[in-house]
Chemist: 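One structure follows; several queries about it will come next.
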There are 2 protein chains.
Amino acid sequence: MDAATVVDALAALAHEHRLAAFRLLVEAGPAGLPAGTIAERLGIAPSSLTFHTRELMQARLVTQRRVSRQLFYAANFDAMNDVLGYLTENCCAGEACGLECGPTGSAGSAAR
Amino acid sequence: MDAATVVDALAALAHEHRLAAFRLLVEAGPAGLPAGTIAERLGIAPSSLTFHTRELMQARLVTQRRVSRQLFYAANFDAMNDVLGYLTENCCAGEACGLECGPTGSAGSAAR
DNA sequence: TCCACTATTCGATAGTCGTTGAAATATCGG
DNA sequence: CCGATATTTCAACGACTATCGAATAGTGGA
């Protein structure tokens with residue numbers, strides 16, 4: 001996982017609506033939620049939601065699957081964990097930062 | 001730690017130069033690095049570096065202190081850990097996401 | 001005091017982001 | 001096939017981001 005990928009993921013999450021949408025999807029679990037439901041919960045226009053889900057998909061943070069006429073979005077936990085791994089890898093990189101991120105950063109996915 | 005604060009922090013890190021700068025500062029430890037050194041390492045103009053350090057400071061991710069005529073910037077590990085705590089708190093929020101972020105997310109700082 | 005050094009502020013500019021309504025696409029039920 | 005539902009694509013717009021050079025402010029040494 002290189003810096004550019006991490007930047008994309010962080011940029012995707014660095015927005016009020018996208019962070020809220022991602023949170024909803026995390027809570028929804030693997031089943032995910034249909035686009036319309038997310039847009040309604042966030043209080044934004046359907047076309048705006050599409051714009052944001054596209055950003056999240058390009059960052060590999062969510063996946064899309066069709067169920068009848070609805071498009072369900074679900075959080076990609078692996079990608080999210082890679083990002084966290086990269087950040088915690090940077091944190092405590094051989095230094096005494098006094099945080100508990102060290103043992104966490106040992107996640108194998110960090111070096112992907 | 002509310003969502004808006006997390007969004008600010010993520011936005012601050014969601015840029016090639018700022019993520020690189022933050023990484024440099026993490027590696028530099030509490031002593032930090034002077035502005036000129038960071039700008040040189042990143043290959044950007046001094047005024048551009050100021051722009052980015054301001055973003056990082058507004059997000060509380062770095063601190064600034066004067067040493068003679070140089071301004072040293074240092075990573076704010078507490079703030080960084082709060083952000084990670086928030087993200088891991090969202091991740092695995094009572095769900096089986098299959099990641100190791102659950103036990104990590106138990107960090108007390110998450111609820112700050 | 002005067003100069004060199006370090007970094008910031010200012011002004012201008014090109015590019016990207018986020019939003020929406022309207023139109024188009026895809027799917028299902030009858 | 002046709003209408004209804006769900007979502008995306010398109011075009012346009014205002015706002016913000018990132019960049020740099022030039023000018024300004026703060027610090028230390030001679």
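Just so we're on the same page: letters track the sequence lines, and every chain starts at 1.
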Chemist: Closest approach to the side chain of B/Thr50, judged atom by atom: which nucleotide of C/dT8, C/dA7, D/dT9 is it?
Modeler: C/dT8

Chemist: Tabulate protein N/O versus nucleotide N/O from nucleotides 21-30 of chain C, keeping only pairs under 3.5 Å, one per line.
Modeler:
| residue | atom | partner | partner atom | Å |
| --- | --- | --- | --- | --- |
| C/dG21 | O6 | A/Ser47 | OG | 3.0 |

Chemist: Between A/Ile38 (CD1) and D/dA6 (C1'), how many Å, whole number?
Modeler: 13 Å

Chemist: Answer yes or no: is there a donor N or O on one side and an acceptor on the other, between the side chain of B/Arg41 and the main chain of B/Ala21, under 3.5 Å?
Modeler: no

Chemist: Got a second to check how far A/Thr63's OG1 is from A/Tyr73's OH, nearest 0.5 Å?
Modeler: 10.0 Å

Chemist: Heavy atoms under 4.0 Å, any strand shown: does B/Tyr73 hit a base, just sugar-phosphate, or nothing?
Modeler: sugar-phosphate

Chemist: OP1, OP2 of D/dT17 versus side-chain N and O of B/Arg18: anything below 4.0 Å?
Modeler: no

Chemist: Reckon B/Gln64 touches a base, only the sugar-phosphate, or nothing at all at heavy-atom distances under 4.0 Å?
Modeler: sugar-phosphate

Chemist: Nearest whole angstrom, please: distance from the C1' of D/dG26 to the CZ of B/Arg65.
Modeler: 18 Å

Chemist: Determine whether B/Leu13 and B/Val83 make a side-chain contact, defined as any pair of heavy atoms from C-beta on separated by less than 4.5 Å.
Modeler: no

Chemist: Measure the angle between the two terminal helix axes of the helix from C/dT1-D/dA30 to C/dG30-D/dC1, five base pairs each, and quote it to 10°.
Modeler: 20°

Chemist: In residues 53-62 of chain A, what residues come within less than 4.0 Å of DNA chain D, judged by heavy atoms?
Modeler: A/Arg54

Chemist: If I take atom CZ in residue B/Phe51 and atom C1' in nucleotide C/dA7, what distance separates them, rounded to the nearest angstrom?
Modeler: 17 Å

Chemist: To check you understand the geometry: which heavy-atom pair defines the closest contact between A/Asn76 and A/Arg60, and what is its length?
Modeler: ND2-O, 3.0 Å

Chemist: Does B/His52 offer a backbone N or O that forms a donor-acceptor pair with the side chain of B/Arg18 under 3.5 Å?
Modeler: no

Chemist: Does any part of the side chain of B/Asp78, heavy atoms only, come nearer than 4.5 Å to the side chain of B/Asn81, both counted from C-beta?
Modeler: no

Chemist: State the CG-CG distance between A/Leu87 and B/Leu19, to the nearest 0.5 angstrom.
Modeler: 7.0 Å

Chemist: Taking C-beta and beyond as the side chain, do B/Val26 and B/Phe77 meet within less than 4.5 Å on heavy atoms?
Modeler: yes

Chemist: In whole angstrom, give the distance that lies between atom CG of A/Asp8 and atom P of C/dC17.
Modeler: 10 Å

Chemist: So if I take every side-chain heavy atom of A/His52 and compare against D/dA6, D/dT19, C/dG18, which nucleotide ends up nearest?
Modeler: C/dG18

Chemist: Taking the side chain as every heavy atom from C-beta outward, state whether B/Gln64 and B/Thr53 have any pair of such atoms under 4.5 Å apart.
Modeler: no

Chemist: In this structure, how many angstroms lie between the C1' atom of D/dA25 and the CD atom of B/Gln70, rounded?
Modeler: 17 Å

Chemist: If I compare all heavy atoms of B/Phe72 with all of B/Ala31, which pair ends up nearest, and what's the gap?
Modeler: CD2-O, 3.6 Å

Chemist: Can you identify which nucleotide, out of D/dT7, C/dT19, D/dT19, has its nearest atom closest to the B/His15 side chain?
Modeler: D/dT19

Chemist: Might you point out which heavy atoms bring B/Ala9 and B/Leu61 nearest each other, and give the distance in Å?
Modeler: O-CD1, 3.7 Å

Chemist: Between B/Leu49 (CG) and D/dT19 (P), how many Å, whole number?
Modeler: 10 Å

Chemist: Kindly indicate whether the side chain of B/Tyr86, heavy atoms from C-beta on, has any atom under 4.5 Å from the side chain of A/Arg23.
Modeler: yes

